[in-house]
Amino acid sequence: MTEQELFNVLERYGQQHLLVHYRTLSRSQKDAVLRTAVSLDIHLTFRLYREFCLGKDVGHTTAVIKPSGVIGIPGDAQEKRMAEQARLHGESLLREGKAAVLVVAGGQGSRLGFEGPKGTYALSPVMNKTLFQLFAEQVKALSVRYGTTIPLLIMTSDDNHPDTVAFFTKNHYFGLQSEKVHFFSQGVLPAVSQDGKLVLRDSAHLYTSPNGHGGSLKAISDSGVLAKLIASGCEELFYCQVDNPLVKIADPIFLGYHAMAKSQASTKVVRRRNIEEKVGVYLNLNGKDAVIEYSDIDANYMSALDEKGDILYWAGNTAIHIFSLSFIGDLNRDGFALPYHCAKKTAYVVSSDWEPANIDIWKFETFVFDAIPMAERTCCMEVSREEEFAPVKNKDGADSPETARRAMSELHRTWLKQAGIDTPPGTKVEISPLFALDADEFVQKVKGRTINVSPEIYIE
Ligand code: UTP
């Protein structure tokens, strides 16, 4: 970008404060500004500011909302046969190398308040394995089980990309083939103060925010990884977020249901705990399946009950999805299709009064689940919260490392129990993914092995 182009853009959007500031910079700082400004979509930022932040309209008051069709947890023999059929189908896709795994890890993790990428947080109950290690070991175990090499994709952001790559390198990719682990960084957008001014991170850089987890569906395409996967014969992308240690990576049953339904965008849901739980809801919006964030849905819907007194819109989004690669290609065909949302956030920035301070800013994000209503065919499957969903969001309290550790431990205690080994409540149990990926495999493998019951049990 030339100086004149920068001046034109800043003047057009009433950012004279930055023009004044720019003139005070050294030559090398000015060059740095011009280099980074070229990659930032300032026009998009101000279009979003005008459209969404001035008079933000939330709530789906004019929409037609209904519960959506969900494949339930198998109960009777017929449902169990269906699940078995789905599993066999999913397993054949894995064997044929048709599935890749994406872990999105570009978020700022501000609620957890941990220095460093969230994936490097030591979480497992006995061995303190990091989230990245837990996912990588599942990918390794699945690759061995199905005689293939499943590609692992990690989406980072500018802030944590170097640390994330260095972490995998230092740990020898946790036994995965390095050429099958792909890192790509998501896009960012400048943030804007409440009165519509661009703010600075430091004297020579605008303050920017990652463009949301929906940015993964753009970055996978922009980075060339999508084209590479398609060229290798891969067809489906299993998507999960770095903060859920219970996720069943590339679950064959989920893959099978997704493929049997010829779905382009599939989702796992859990029953909402109660009407207050802060979780997005999977429902049918104007005839299309969709997820609506709890903060964007009218309170009457969030608290609606059915005739039996159960929560009507019970399906809580787990952020575990499968997207077909061809559908991701379609989303990128004529410019990126996902809509943006704006969110208010407090950030430490340098604003037009030039004193660094915590101020409220608008940041702009896309949500991955906004792809669901754009799909022609979708699929949704209910899973057990205890087995598959324990997100780590907060430093303590609900959805914290403590609750996630307990959930892992409790789940693995049930696997021991199924193998006939009883442990007292509160026992810390951890079963390595490299030993068993699920209860059935565990029960098979543990036969004939002596397990000493102690306050901490690790099985590998
Ligand atoms: P959250 O919405 O929980 O955000 O992300 P966060 O950034 O991790 O945490 P807070 O809100 O600052 O406390 C859910 C998942 O989406 C990823 C996160 O890394 C996490 O896996 N994510 C989120 C991205 O990859 N990029 C983003 O821009 C936002």
Side-chain angles (χ1 to χ4, degrees), residues 41 45 48 101-121 123 130-132 134-135 152-161 163-164 167 182-191 207-220 222-223 225 237-247 249 267-268 277-280 291-296 316-321 323 336 338-348 358 361-371 389-401 403-404:
D41 198 338
T45 303
L48 297 172
V101 170
L102 166 64
V103 178
V104 296
Q108 292 169 315
S110 38
R111 284 169 287 172
L112 183 62
F114 168 67
E115 279 293 315
K118 219 186 215 185
T120 65
Y121 192 93
L123 191 94
T130 61
L131 286 155
F132 280 144
L134 292 170
F135 298 135
L152 171 62
L153 283 49
I154 309 273
M155 185 179 78
T156 60
S157 59
D158 283 355
D159 281 348
N160 66 22
H161 187 87
D163 287 349
T164 304
F167 186 74
H182 305 274
F183 300 94
F184 55 87
S185 200
Q186 69 180 112
V188 295
L189 276 176
Y207 184 95
T208 57
S209 280
N211 61 359
H213 37 61
S216 59
L217 300 182
K218 180 174 191 307
I220 189 178
D222 293 350
S223 62
V225 174
L237 183 72
F238 177 89
Y239 167 103
C240 64
Q241 303 190 158
V242 75
D243 55 18
N244 180 12
L246 289 194
V247 66
I249 297 280
T267 307
K268 280 189 173 182
E277 188 184 11
K278 290 184 174 172
V279 64
V291 169
I292 307 184
E293 266 298 39
Y294 60 89
S295 50
D296 286 346
N317 180 29
T318 59
I320 301 168
H321 302 284
F323 298 106
F336 189 47
L338 294 198
Y340 281 83
H341 301 254
C342 74
K344 206 187 272 184
K345 179 185 166 182
T346 307
Y348 191 70
N358 274 313
I361 51 160
W362 290 114
K363 64 172 184 172
F364 303 100
E365 293 185 313
T366 53
F367 298 154
V368 75
F369 51 74
D370 278 334
F389 189 53
V392 178
K393 300 283 185 194
N394 307 310
K395 207 176 175 56
D396 35 42
D399 296 340
S400 63
T403 56

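In each ligand, atom 1 is the first atom listed, and ligand 1 is the first ligand listed.
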### Message
Determine whether a donor-acceptor pair (N or O, by modelled atom type, separation under 3.5 Å) exists between the side chain of Thr403 and the backbone of Ala398.
### Response
no
### Under the ring-ring contact (aromatic ring centres under 6.0 Å, His included) test, residues paired with Phe114 that sit two or more places apart
Tyr121
### Query
For Asp399, which of Arg111, Lys278, Lys393 qualifies under side chain to side chain contact (heavy atoms under 4.5 Å, CB included)?
Lys393
### Task
Look at the side chain of Asn160 and the backbone N and O of Thr164, then say whether any donor-acceptor pair between them is shorter than 3.5 Å.
no
### Aromatic ring proximity, centroids under 6.0 angstrom, His321 and Phe323
yes
### Task
Give the protein residues with at least one non-hydrogen atom closer than 4.0 Å to an atom of ligand 1, ordered by chain and number.
Val104, Ala105, Gly106, Gly107, Gln108, Gly109, Ser110, Arg111, Lys118, Met155, Gln186, Pro210, Gly212, His213, Gln241, Val242, Asp243, Lys393
### Task
Would you name the heavy atoms of Ser209 and Gln108 that are closest together and state the gap between them?
OG-NE2, 4.3 Å
